[in-house]
Structures are given as structure tokens and as C-alpha cells.
2 protein chains.
Amino acid sequence: MSAASTPEPSRRDELLAIAARLFAEKGFKNTTVRDIADAAGILSGSLYHHFDSKESMVDEILIPFQDRLFGQYDEILASDDDARTKLERAVRVSFEAIEQHGPEVAIFQNDADYLGTFERFGYLADRNTQSRQVWVTLIEEGVRTGVLRPDLDVTLTYRFIRDTVWVAVRWYQPGKGHTHTEVADQYVRILLDGISS
Amino acid sequence: MSAASTPEPSRRDELLAIAARLFAEKGFKNTTVRDIADAAGILSGSLYHHFDSKESMVDEILIPFQDRLFGQYDEILASDDDARTKLERAVRVSFEAIEQHGPEVAIFQNDADYLGTFERFGYLADRNTQSRQVWVTLIEEGVRTGVLRPDLDVTLTYRFIRDTVWVAVRWYQPGKGHTHTEVADQYVRILLDGISS
DNA sequence: GTCTATAAGATGATAGAC
DNA sequence: GTCTATCATCTTATAGAC
């Protein structure tokens with residue numbers, strides 16, 4: 001009963017968190033339902049009381065994460081900030097996503113291609129296109145308004161930024177070494193002004 | 001007979017090239033020996049006439065590639081160029097490796113972690129350490145000699161460069177769009193001088 | 001919500017014929 | 001150098017008891 005909005009409450013989310021961690025660590029296909037069940041302290045068959053399939057699990061992990069993330073991007077796009085500030089905010093929001101939702105980011109980075117081969121995960125390609133539009137829009141606005149160099153190849157610049165930001169999920173460890181804010185600070189500085197003295 | 005230096009000549013290399021392409025595309029573990037055999041037009045059992053195991057195949061793919069690549073890095077490190085030029089050369093050599101040995105780069109980027117769990121592939125972790133040393137050495141030399149900004153976080157700078165350069169293997173397509181030289185030109189310019197106007 | 005038991009298919013690898 | 005045939009194992013998923 002309770003609030004009528006959340007039919008299944010806690011165990012389900014617990015299992016999803018365990019699955020997300022394993023998918024991120026070993027990849028979706030290389031993680032077996034037995035791995036997930038073992039980590040949860042139950043047997044593999046018992047997982048199917050909670051979820052239809054392994055695919056359903058990764059589906060439930062990715063969708064809410066992406067809704068949140070692209071909501072943040074939309075807010076930045078719609079803001080009154082100048083293009084340079086918007087770009088900086090987009091970078092910071094992305095590093096923050098790595099801090100707060102590392103497994104989700106890693107799964108999207110590593111397994112989107114493979115998952116995309118199933119019709120069910122067609123939305124992953126859409127999200128990829130959407131992400132490209134966000135970054136390209138910001139870069140083009142920067143060039144147009146004169147805050148970014150006019151000789152930039154927009155497509156290559158987009159790819160460099162996207163790659164550097166998202167692949168950081170491979171090495172960034174929350175609570176160890178740098179904070180995500182420090183990482184974002186250093187990257188923004190290098191991206192905007194370069195490493196030359 | 002022939003030159004006595006190459007016992008098995010051509011079919012073996014042909015099969016390795018097919019395997020490399022598939023490993024790069026779908027990942028090592030997600031590529032089955034049947035996939036490789038199908039692509040080669042033979043049956044899976046026949047592969048074992050040429051190779052001990054799937055692991056042997058990826059071994060033979062990675063080792064000669066890494067020998068070549070790190071030979072190039074060593075040459076740059078030992079050269080008389082100033083630090084800025086050395087760094088630029090290292091970036092260019094890396095993009096060139098993506099052009100010429102895309103599958104090998106992709107396998108190393110995507111599967112080194114997984115393969116590294118087998119003792120047999122311990123050399124992959126060594127190569128990773130060696131790669132880090134190359135980049136960090138070049139960046140530190142640049143800061144010391146004053147050609148790079150003194151406020152750089154060397155470790156973060158290394159990670160940003162490494163990530164951007166190597167992950168390009170995910171999107172770079174030889175013969176389509178930009179050449180590897182154009183990609184390197186644009187990246188070197190952004191890395192050294194930034195995107196701000 | 002978890003267990004027992006098991007089906008149905010895929011996978012890496014082998015032995016021996018051609 | 002490739003094929004036939006096959007094994008042992010692992011994998012996702014299901015049915016029904018507790």
C-alpha cells in the first residue's frame with residue numbers, strides 16, 4: 001500500500017545497485033545473472049522474482065539516470081549564461097554525474113553499442129544523438145558569439161570534449177585523490193586556455 | 001622452407017587479422033571462436049589447427065603491435081627535440097597508430113582490464129605503466145623547461161591527454177572524414193592553446 | 001522472497017577422418 | 001588445412017515447492 005506511487009520499494013533497488021556495479025565493472029554481457037545473485041547473497045533463479053530478464057535490469061538502471069542528466073543539460077541550454085559559461089557548466093555537470101552515478105555512466109560508455117543492437121535499447125542511440133546536439137550547440141554558440149576561436153573544427157572539438165569528460169569514469173574514484181570539482185577545474189582551464197605557458 | 005625465419009606464412013596472419021577485427025568490434029569475450037571461424041569461412045574446430053586457444057590469438061595480435069608502438073615512444077624520449085615538440089610527436093604517433101592499427105588499439109583500450117586478470121597477460125599492466133611514464137615524463141620535462149604552464153596537475157593532464165588520444169579509436173575511421181594528421185593537428189592546437197579566443 | 005531442480009542453448013576445446 | 005562429431009561447462013530462464 002503506502003504511497004501508491006512506489007509498488008516495490010527497497011529490495012529491488014538494492015538488487016539494481018548491485019547489478020549496476022557489476023555491469024560497470026565487467027561489462028553487461030560478461031556479467032552473469034549468477035554473478036549478480038551471488039553478490040546479493042541469493043540464487044540466480046530468485047532474481048527472476050524481481051525482474052523479467054537481465055535486459056530489464058540494465059534498462060531500469062539507465063533510463064532514470066539519463067532522464068536526470070539530460071534534464072540538467074536542457075536547463076543549461078535554456079539559461080541566460082554566455083556560451084563560455086554554459087560550456088563550463090556542461091563540463092561540470094558531467095564530471096558530477098561521474099561522481100554521483102559512476103556505474104550508470106560506465107555502462108552507457110562501455111555497453112551502449114552492444115545494447116543498441118536490440119530494438120529495446122533504441123533509445124540509447126537517441127540519447128547519443130541528443131548528447132551530440134547539446135555539445136555542438138554550445139560550441140557553435142561560443143564561436144558565433146566570439147568567445148571561442150573561430151578556427152575550431154566543431155565536430156572534432158565536440159568529440160575531444162565528450163571523450164575526455166566521459167572516459168574519466170574509467171579512472172575517477174570518488175573520495176580518492178581529486179574531487180570531481182578539482183578534476184573539472186583543471187579540465188576547464190586546459191580546455192579553454194591550453195597547456196602552453 | 002623459404003627464409004627459415006617465418007615457419008607459418010600467410011593463412012595464420014589472415015586469421016589473426018579477422019580475429020583482431022572482431023575482437024575490436026565486439027570485445028574479446030563477446031567474440032566466439034565460431035564468430036572468427038565463420039568470418040574466415042571455416043569451422044570452429046579448424047581454428048585449433050592454427051592456434052592453441054582464443055587467448056593465444058589475442059596474444060599474438062597485441063604483442064608485436066605494442067613492441068612497435070613503444071619503440072616509437074622510446075625514440076621520441078631519446079631525441080633532442082624540446083619538450084613541447086616531443087609531446088606533439090607523441091600525440092601524432094598515437095593518432096597514427098589508430099590509423100594503421102585500429103583493431104589492436106581498440107582491443108588494448110577495451111579489453112586490457114579483463115585480459116589482465118589472467119597471469120598470461122601480465123605484460124598488459126606493465127605496458128600501461130610504461131605508457132604513463134612516457135606521458136608524465138614529457139609533461140614534467142615541459143613544465144621544468146618552462147614551455148608548459150607551471151600550474152598544471154601533471155597526473156590529471158596525463159589522463160586527459162591519454163584519454164582523448166586513445167579513445168578516438170572509437171570514432172576515427174580511416175579514409176572517412178578527417179585524416180589522422182588533421183585530427184592530430186586540431187588536437188595539438190587545442191591542447192596547447194585552448195579553445196578560447 | 002528464496003530455494004530446488006532443470007530445461008534449452010551457447011561456448012571453448014578435443015579426437016580422429018579426409 | 002579443414003571437416004565430422006562430440007564433450008564438459010556455463011548461461012539465461014522457467015516451474016513449482018517452501
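Naming convention: chains lettered A, B, ... in sequence-line order (proteins, then strands); numbering from 1 in each chain. Only heavy atoms go into these numbers, but all of them, side chains included; no hydrogens, no water, no symmetry mates.
Applying the salt bridge (Lys or Arg N to Asp or Glu O under 4.0 Å) rule to pairs touching residues 68-77 of chain B yields nothing, sequence neighbours excluded. Residue pairs satisfying the ring pair (Phe, Tyr, Trp, His ring centres under 6.0 Å) criterion with at least one member in residues 75-122 of chain A, sequence neighbours excluded, are listed as follows: A:Phe65-A:His101, A:Tyr114-A:Phe118.
At whole-Å resolution of the value, NZ in B:Lys26 and C1' in C:dA10 are 12 Å apart. Per the geometry, CD1 belonging to A:Ile42 stands 7 Å off C1' belonging to C:dT2, to the nearest Å. Regarding B:Asp38, its CG atom lies at a distance of 12 Å from the P atom of C:dG12, rounded to whole Å. As a whole-Å value, the separation of A:His49 NE2 from D:dA15 C1' is 15 Å. Computed from coordinates, the B:His50 NE2 to C:dT14 P distance equals 15 Å when rounded to whole Å. With rounding to whole Å, A:Phe51 atom CZ is found 11 Å from C:dG1 atom P.
Qualifying ring pair (Phe, Tyr, Trp, His ring centres under 6.0 Å) partners for B:Tyr73, counting only residues two or more places apart in sequence or in other chains: B:Phe70. With sequence neighbours excluded, the residues forming a side-chain hydrogen bond (donor to acceptor under 3.5 Å, both in side chains) with B:Asp82 are B:Thr85, listed by chain and number. Annotation: ring pair (Phe, Tyr, Trp, His ring centres under 6.0 Å) contacts of B:Phe28 (sequence neighbours excluded): B:Phe23.
Counting non-hydrogen atoms under 4.0 angstrom, B:Leu43 reaches a base of the nucleic acid.
Contact annotation: B:Arg12 does not reach the phosphate of D:dG1 (side-chain N/O to OP1 or OP2, under 4.0 Å). In terms of phosphate contacts, A:Ser46 brings no side-chain nitrogen or oxygen within less than 4.0 Å of OP1 or OP2 of C:dG1.
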Please tabulate the protein-to-nucleotide N/O contacts below 3.5 Å involving nucleotides 10-13 of chain D, giving atom names and distances.
unit_1 : atom_1 : unit_2  : atom_2 : d
D:dT12 : OP1    : A:Lys54 : NZ     : 2.9
D:dT12 : OP2    : A:Val33 : N      : 2.9
D:dA13 : OP2    : A:Tyr48 : OH     : 2.8
D:dA13 : OP2    : A:Lys54 : N      : 3.1

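In terms of heavy-atom proximity, B:Leu47 sits nearest to B:Ala37 at CD1-N, 4.0 Å.
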